[in-house]
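Reviewing the structure listed below.
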Amino acid sequence: RVQLVESGGGSVQAGESLRLSCAVSGVTYKYGSMGWFRQAPGKEREGVAALYTDAPETFYHDSVKGRFTISLDSANSMMYLQMDNLKSEDTGMYYCAAKPGRMLSSLLLSDRFFEYWGQGTQVTVSS
């Protein structure tokens with residue numbers, strides 16, 4: 001079965017950087033959609049960044065464009081989220097997610113359609 005394990009969260013000051021990692025195992029499909037989501041206390045989970053496993057396009061929430069970079073290392077079954085110039089509003093639990101097949105790009109930042117989820121890693125940004 002598909003398993004996703006996040007790591008790399010922590011507590012940082014505003015303006016600093018973190019790199020989140022998602023280790024993927026059990027994937028048997030070639031074409032898929034993957035993403036990073038976050039949930040702040042008292043708020044709904046929101047999509048941060050997403051990609052297709054077989055294409056170069058990447059997709060970002062407007063609030064992180066220019067600061068976050070999503071990437072995939074297929075050879076090592078890893079997905080990353082490089083987060084630069086962090087802000088206090090980036091605080092939350094970050095989850096990686098995956099789904100077999102290519103979702104419509106307009107749905108990639110919605111958490112309704114992803115099938116597999118990691119347990120999350122906490123990111124706390126102090127101003």
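Excluded from the calculations below are hydrogen atoms, water molecules and symmetry mates; all remaining heavy atoms, backbone and side chain alike, are included. These figures come from a predicted structure and were not determined experimentally.
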Non-hydrogen side-chain atoms of [X] and [Y] separated by less than 4.5 Å:
X	Y	value
Ile70	Tyr80	no
Leu72	Met78	no
Pro100	Glu115	yes
Met83	Leu20	yes
Phe68	Val48	yes
Val24	Gln3	no

Kindly give the heavy-atom pair with the smallest separation between [X] and [Y], and that separation in Å.
X	Y	value
Cys22	Leu4	SG-CB, 4.0 Å
Ser17	Asp84	OG-OD1, 2.8 Å
Ala40	Thr91	CB-O, 3.7 Å
Ser88	Ser127	CB-CB, 4.3 Å
Val5	Gln119	CA-OE1, 3.8 Å
Leu86	Leu18	CD1-N, 3.8 Å

Item to check | Crowding at CZ, Phe113 (>12 non-hydrogen neighbours, <6.0 Å) | outcome: yes
Once you round to the nearest 0.5 Å, how far does [atom1] of [X] lie from [atom2] of [Y]?
X	Y	atom1	atom2	answer
Ser71	Leu51	OG	CG	8.0 Å
Asp62	Leu109	CG	CG	9.0 Å
Met93	Gln39	CE	CD	9.0 Å

Item to check | Lys/Arg N to Asp/Glu carboxylate O, Arg45 vs Asp111, below 4.0 Å | outcome: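 Yes, Arg45 and Asp111 are salt-bridged.
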Next on the checklist: Any salt bridge linking Lys87 with Asp90? Criterion: basic side-chain nitrogen under 4.0 Å from a carboxylate oxygen.
Outcome noted: no
Checklist entry - Linking I/L/V/M/F/W/Y whenever any side-chain heavy atoms sit under 4.5 Å apart, do Val27 and Met103 land together? => result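 No, because Val27 and Met103 fall into different hydrophobic clusters, even though each may have its own neighbours under 4.5 Å.
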Next on the checklist: For the residue pair Arg102 and Tyr52, would you count it as a cation-pi contact if the rule is NZ or CZ under 6.0 angstrom from the ring centre and within 45 degrees of the ring axis?
Outcome noted: yes
Does [X] reach the main-chain N or O of [Y] with its side chain, forming a donor-acceptor pair under 3.5 Å?
X	Y	value
Thr124	Ser11	no
Ser21	Met79	no
Thr121	Gly9	yes

Item to check | Residue that, paired with Arg38, satisfies salt bridge (charged side-chain N to carboxylate O under 4.0 Å, His left out) out of Glu89, Glu6, Glu46, Glu44 | outcome: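 Looking at Glu89, Glu6, Glu46, Glu44, the match for Arg38 under the salt bridge (charged side-chain N to carboxylate O under 4.0 Å, His left out) is Glu46.
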Checklist entry - For the residue pair Phe114 and Tyr95, is the inter-centroid distance of their aromatic rings smaller than 6.0 Å? => result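 Distance test on ring centres: not under 6.0 Å, no.
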